[in-house]
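A short write-up of the structure that comes next.
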There are 2 protein chains.
Amino acid sequence: MSDQNWISHFSGLAHLPPDVLASLVTASRVVHLPAGTRIFGPGQAPDAFLLLIRGTVRVQQVSDSGREIVLYRVSAGESCALTTACLMGYDDYLAEAISETEVDAVAIPRATFDDLIARSPDFRRFVFTAFSRRVTDLFRIIDEVAFSRVDVRLAQRLLERANTQGHIDLTHQQLASELGTAREVVSRQLNEFQRRGWISTSRGAVDILNSEGLRQLATAP
Amino acid sequence: MSDQNWISHFSGLAHLPPDVLASLVTASRVVHLPAGTRIFGPGQAPDAFLLLIRGTVRVQQVSDSGREIVLYRVSAGESCALTTACLMGYDDYLAEAISETEVDAVAIPRATFDDLIARSPDFRRFVFTAFSRRVTDLFRIIDEVAFSRVDVRLAQRLLERANTQGHIDLTHQQLASELGTAREVVSRQLNEFQRRGWISTSRGAVDILNSEGLRQLATAP
DNA sequence: AAGCCACTGTGACTAGGTCACAGACCTGAC
DNA sequence: GTCAGGTCTGTGACCTAGTCACAGTGGCTT
């Protein structure tokens, strides 16, 4: 298969001993997923540990009332460690993972994963690091949702998700999902930002005109 | 030492092979902490994996503005897996752990922990299960903070933290910290509950008079 | 008894979430 | 082209939650 060299995408795996690498490469297979695939969710458990080679995956939570909040994104070179562990270890939870782009990933079967954890300190470090990064993300989200203002968080997200031209291809509803708030709230805040000359809006998109204004709000005390 | 038999407190460790058990017992030591000890926090990293034999530990997050939110509690028979892993793997975060009672714990040095992870599938399962339970807790908290009403969450907490007599020894401020909200909000909600005849309040304490009323609110859609 | 301090109550105001609905824009069918 | 439907956005009214300021109140110490 053309992706035999996927190991090179993962800096954390670069120095594994040859036998460990061999197990990894022979036991795992590369999977391709189109954009918008639901990789797992309440009720669907993956049976393998996933490493992303290409694309990004969004992990989000959906409330009973239909409101959503984005928890974090997994990008190329990272692993879905957290969610895999959840499913390995314990009961049901509410998060779901959706590919945002076309995705290539390496699926390591559970048995191989377990074997590698046992054999390789480096692989363990790789997994635990991925874990703790996600946990840090979750701590940060709790902090933001519980204690931060929406305008500040929205400004942060706009800066975060803008491309190099300051363009953001998201609807108000999608921005609201990023923050776990309501669409109307985002609309009103964007109007305010626009009034201040920081952005311009169009159907399904936002353009940043004055990133300095946003940045100042985003880093406000 | 009198606590040599601490292994019996951890059902997940009951069936470890003798050699693994031996490593555990010889390398780790039992520590005693008074109530109110700050076990770790921003800036203080423990260097060992902790298992609780007796007492409870509260893990909470403190915002810049001084507001707090309780993330979860670790009780006897459980491990501080999550927080340990955070500290092992990755950068700084904001949570802190405080003993709520006098606490006895087993401290497993990092090297021993690493060795056990490598040698024992059962120990791995124990650790991963503890991990995923905490992650599930965090997911639940995000869901509650982002999407649930305060009155519902307060009713849940009151039921959760009441003793068998329906008595709760917490100030309004402490209840607010449990939920990540403000003291005034709790005071007002408690007044409302009292008006409905569900509780009575006194300085530093709440008594449940009608748990059915609370329960109905707590499980509301 | 006086004084202190932690705890609680309350009003006024701001921010954020909900609901209902109107209008604008986009696409595909005809 | 234009018509119909769906999606996206704007807005007012209203409710819940968080903030601020300050006034009581209970309990403990000296």
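Computation of the quantities below employed the complete heavy-atom set of this structure, encompassing side-chain atoms and omitting hydrogens, waters and symmetry-equivalent molecules. Reminder, nothing fancy here: chain letters follow the sequence lines and each chain counts from 1.
- On the nucleic acid side, DNA chain C contacts chain A at distances under 4.0 Å to non-hydrogen atoms, with the end points of that region at dA15(C) to dC26(C).
- For residues 204-213 of chain B, proximity to DNA chain C is found at Gly204(B), defined as any non-hydrogen atom under 4.0 angstrom from a strand atom.
- A donor-acceptor pair is defined here as one N or O able to donate and one able to accept, closer than 3.5 Å; such a pair exists between the side chain of Gln174(A) and the backbone of Thr171(A).
- Between the Arg67(A) side chain and the Gly180(A) main chain, a donor and an acceptor come within less than 3.5 Å of each other.
- Closest non-hydrogen pair, Ser187(A) versus His172(A), comes out as OG-ND1, 2.9 Å.
- At least one donor-acceptor pair closer than 3.5 Å links the side chain of Gln61(A) to the backbone N or O of Phe139(B).
- Partners of Phe49(B) by ring-ring contact (aromatic ring centres under 6.0 Å, His included), not counting sequence neighbours, listed by chain and number: Phe113(B).
- For Ser148(B) (side chain) and Val145(B) (main-chain N/O), no donor-acceptor pair under 3.5 Å exists by modelled atom type.
- Side-chain atoms of Arg58(A) do not come within 3.5 Å of backbone N or O of Arg73(A) as any donor-acceptor pair.
- Counting to the nearest Å, the P atom of dC8(D) and the CD1 atom of Ile168(A) are 17 Å from each other.
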Grab the N/O contacts between the protein and nucleotides 15-19 of chain D below 3.5 Å, and write none if there aren't any.
from	atom 1	to	atom 2	distance (Å)
dA17(D)	OP1	Val150(B)	N	2.9
dA17(D)	OP2	Gln189(B)	NE2	3.3
dG18(D)	OP2	Thr181(B)	OG1	2.4
dG18(D)	O3'	Arg67(B)	NH1	3.3
dT19(D)	OP1	Arg67(B)	NH1	3.2
dT19(D)	OP2	Arg67(B)	NH1	3.1
dT19(D)	O4	Arg188(B)	NH2	2.6

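- Closest of all the heavy-atom pairs between Ile69(B) and Glu178(B) is CG1-O, 4.0 Å.
- Side chain of Ser99(A) to backbone of Thr37(A): a donor-acceptor contact under 3.5 angstrom is found.
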Enumerate all atom pairs, one protein N or O and one N or O from nucleotides 26-29 of chain D, separated by less than 3.5 Å.
from	atom 1	to	atom 2	distance (Å)
dG26(D)	N2	Arg203(B)	NH2	3.4

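- The CZ atom of Phe193(A) sits 14 Å away from the P atom of dG10(D) (whole-angstrom rounding).
- Around CZ of Arg140(A), the count of heavy atoms belonging to other residues, nucleotides or ligands within 6.0 Å exceeds 12.
- Nearest heavy atom pair, residue Leu190(B) against residue Leu154(B), reads CD2-CD2, 4.0 Å.
- Between the side chain of Arg153(B) and the backbone N or O of Leu179(B) there is at least one donor-acceptor pair closer than 3.5 Å.
- For residues 190-210 of chain A, the pairs satisfying salt bridge (charged side-chain N to carboxylate O under 4.0 Å, His left out) are Glu192(A)-Arg195(A), Glu192(A)-Arg196(A), with sequence neighbours left out.
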